[in-house]
2 protein chains.
Amino acid sequence: MEKIPPEIMAQVASYFQVLSEPTRLHILNLLQEGECNVGEIAQRCGYTAANISRHLSLMTKQGLLERRRQGTTVYYRIADPSVYALCELVCGNLARRLLQAAQVSGGWPQDASPMEHQGEP
Amino acid sequence: MEKIPPEIMAQVASYFQVLSEPTRLHILNLLQEGECNVGEIAQRCGYTAANISRHLSLMTKQGLLERRRQGTTVYYRIADPSVYALCELVCGNLARRLLQAAQVSGGWPQDASPMEHQGEP
DNA sequence: TGACTATTTAGTCAAACAGTCAAATAATGG
DNA sequence: CCATTATTTGACTGTTTGACTAAATAGTCA
């Protein structure tokens with residue numbers, strides 16, 4: 001249907017990879033309320049500032065965040081709000097999947113792995 | 001705004017992680033044309049069948065694909081077409097970003113790292 | 001059953017990554 | 001300039017991950 005060049009594929013993969021970390025998603029969630037500095041994000045996430053700074057740097061490099069310096073502190077904010085649309089889409093997929101699994105199987109809301117009973121009698 | 005439980009965050013991260021690999025994106029792209037068996041996917045991707053089988057297994061476990069066995073060969077197909085919406089959203093983000101960078105800076109279409117000259121007077 | 005094919009799994013290796021602490025850098029105020 | 005505070009970066013560590021080969025499993029057919 002469409003031959004997609006490998007560099008584009010790699011770019012898209014990189015973008016998704018930025019979103020594939022709970023800590024980074026946590027940061028994005030915090031920043032939904034508005035811009036925030038490194039120290040506070042670190043404190044609220046429960047990690048060291050060094051660690052959070054790395055995550056922020058990565059997300060900025062990927063175009064998700066923007067930096068603003070004021071005095072000695074650095075504030076980060078969302079650069080492209082459409083990431084939230086992505087997250088909601090994924091949440092929707094997951095919810096649909098869980099619902100479906102619950103209907104079919106019985107109803108453990110947690111720890112889904114409905115892959116075993118497929119075609120083995 | 002919204003306190004999101006960490007397990008949900010981890011689930012979403014896992015979902016994104018599945019999409020964070022060029023090889024897996026390649027597979028998804030192939031499967032857009034219709035279902036396909038392991039060997040052919042492997043051949044078309046240029047990897048070993050063992051490797052591709054692992055990727056397919058992971059994607060199936062995450063709910064992106066479905067399996068169908070016919071004789072000794074196993075066919076995989078898309079379980080949830082909304083992944084393509086996700087990919088297109090990301091492509092849109094990337095394109096917008098590249099355009100913007102090209103306008104501001106000069107116009108290398110490759111190897112973007114427009115992070116140096118931002119706002120420090 | 002045994003040969004044959006297709007897929008999956010086990011075991012291994014090297015590269016990438018998240019996390020830490022400590023040192024380096026940047027901005028401000030005495 | 002020196003001290004202070006906030007952020008970034010360097011060096012290191014344990015874990016994860018994508019790839020491979022080789023062995024195991026599953027299904028078909030003579």
Side-chain angles (χ1 to χ4, degrees), chain A residues 6 9-10 13-28 30-31 35-62 65-77 113 115-121, chain B residues 6 9-10 13-28 30-31 35-62 65-77 113 115-121:
Chain A
M9 213 77 99
S14 293
Y15 193 101
F16 278 126
Q17 186 158 31
V18 171
L19 298 175
S20 72
E21 254 286 317
T23 308
R24 290 194 282 267
L25 292 180
H26 194 172
I27 293 173
L28 286 176
L30 289 183
L31 291 180
E35 71 173 10
C36 194
N37 62 52
V38 180
E40 187 175 345
I41 298 175
Q43 187 181 350
R44 291 226 254 159
C45 284
Y47 285 111
T48 58
N51 185 18
I52 295 301
S53 175
R54 284 186 201 284
H55 285 302
L56 292 169
S57 167
L58 178 65
M59 288 194 277
T60 307
K61 212 166 285 178
Q62 195 51 249
L65 302 184
E66 279 172 351
R67 242 176 73 110
R68 178 178 71 88
R69 171 150 234 156
Q70 175 171 345
T72 67
T73 86
V74 175
Y75 291 87
Y76 284 89
R77 63 181 177 282
S113 58
M115 264 285 78
E116 281 74 15
H117 39 60
Q118 196 149 32
E120 299 94 318
Chain B
M9 213 79 99
S14 293
Y15 193 101
F16 278 126
Q17 186 159 32
V18 172
L19 298 175
S20 72
E21 253 288 316
T23 307
R24 290 194 282 268
L25 293 179
H26 194 172
I27 292 174
L28 286 176
L30 289 185
L31 290 180
E35 72 173 10
C36 194
N37 62 51
V38 179
E40 187 175 346
I41 299 175
Q43 187 181 351
R44 292 225 255 160
C45 284
Y47 285 112
T48 59
N51 186 16
I52 296 300
S53 175
R54 287 181 94 102
H55 284 304
L56 292 170
S57 166
L58 178 65
M59 289 194 276
T60 306
K61 212 166 285 181
Q62 195 54 248
L65 302 184
E66 280 173 350
R67 242 175 74 109
R68 179 177 71 88
R69 173 150 232 157
Q70 176 170 345
T72 67
T73 87
V74 175
Y75 291 88
Y76 283 88
R77 64 182 178 280
S113 58
M115 263 287 76
E116 282 73 17
H117 39 63
Q118 195 151 30
E120 299 92 314

- [ ] Kindly say if B:Ser53 contacts the phosphate of C:dT8, meaning a side-chain N or O under 4.0 Å from OP1 or OP2.
- [x] yes
Open item on the list: Nearest whole Å is fine: how far is C:dG19 P from A:Ile52 CD1?
Closed with: 7 Å
Open item on the list: Students should find this one: the first and last nucleotides of DNA chain D, 5' to 3', lying under 4.0 Å from a heavy atom of chain B. What are they?
Closed with: D:dT17 to D:dT28
Task: Atom-pair distance (CG on A:Leu25; P on C:dA18), nearest Å - done: 12 Å
TODO: On DNA chain C, check which nucleotide each of A:Tyr47 and B:Arg54 is closest to and give me the residue with the more 5' one.
DONE: B:Arg54
- [ ] Can you see which heavy atom on B:Ile52 is nearest to which on B:Ala42, and at what distance?
- [x] CG1-CA, 3.5 Å
Task: B:Arg24 side-chain N/O to B:Gln17 backbone N/O, donor-acceptor pair under 3.5 Å - done: yes
Task: Side-chain (B:Ser53) to main-chain (B:Ala49) donor-acceptor, under 3.5 angstrom - done: no
Open item on the list: I need the CD-C1' distance between B:Glu40 and C:dT7, as an integer number of Å.
Closed with: 15 Å
Task: Heavy-atom pair of closest approach, residues A:Thr60 and A:Tyr76 - done: OG1-CE2, 3.3 Å
- [ ] Give B:Gln70 one of three labels, base, sugar-phosphate or nothing, depending on what nucleic acid heavy atoms sit under 4.0 Å from its own.
- [x] nothing
Open item on the list: If you compare all heavy atoms of A:His55 against all heavy atoms of A:Ile27, which two are closest, and at what distance to 0.1 Å?
Closed with: CB-CD1, 3.9 Å
Task: Spacing of B:Leu56 atom CG relative to C:dT9 atom P, expressed in whole Å - done: 12 Å
Task: Any side-chain heavy-atom pair of B:Ser57 and B:Lys61 under 4.5 Å - done: yes
- [ ] Mind calculating the distance between CZ (A:Arg67) and P (C:dA26) to the nearest angstrom?
- [x] 11 Å
Open item on the list: Under 4.0 Å, counting only non-hydrogen atoms across every strand here, what does B:Tyr75 touch: a base, just sugar-phosphate, or nothing?
Closed with: nothing
- [ ] Could you state the atom-to-atom distance from CZ of A:Arg68 to P of C:dA27 in whole Å?
- [x] 15 Å
- [ ] Round to a whole Å and report the spacing from CD of B:Glu35 to C1' of C:dT7.
- [x] 16 Å
TODO: For A:Asn37 and C:dA27, give me the distance from atom CG to atom P, rounded to whole Å.
DONE: 16 Å
- [ ] Could you say whether A:Thr73 or A:Ala50 is positioned toward the 5' end of DNA chain D, judged by the nucleotide with the nearest heavy atom to each?
- [x] A:Thr73
Task: Student check: side-chain heavy atoms of B:Leu19 and A:Leu19 closer than 4.5 Å - done: no
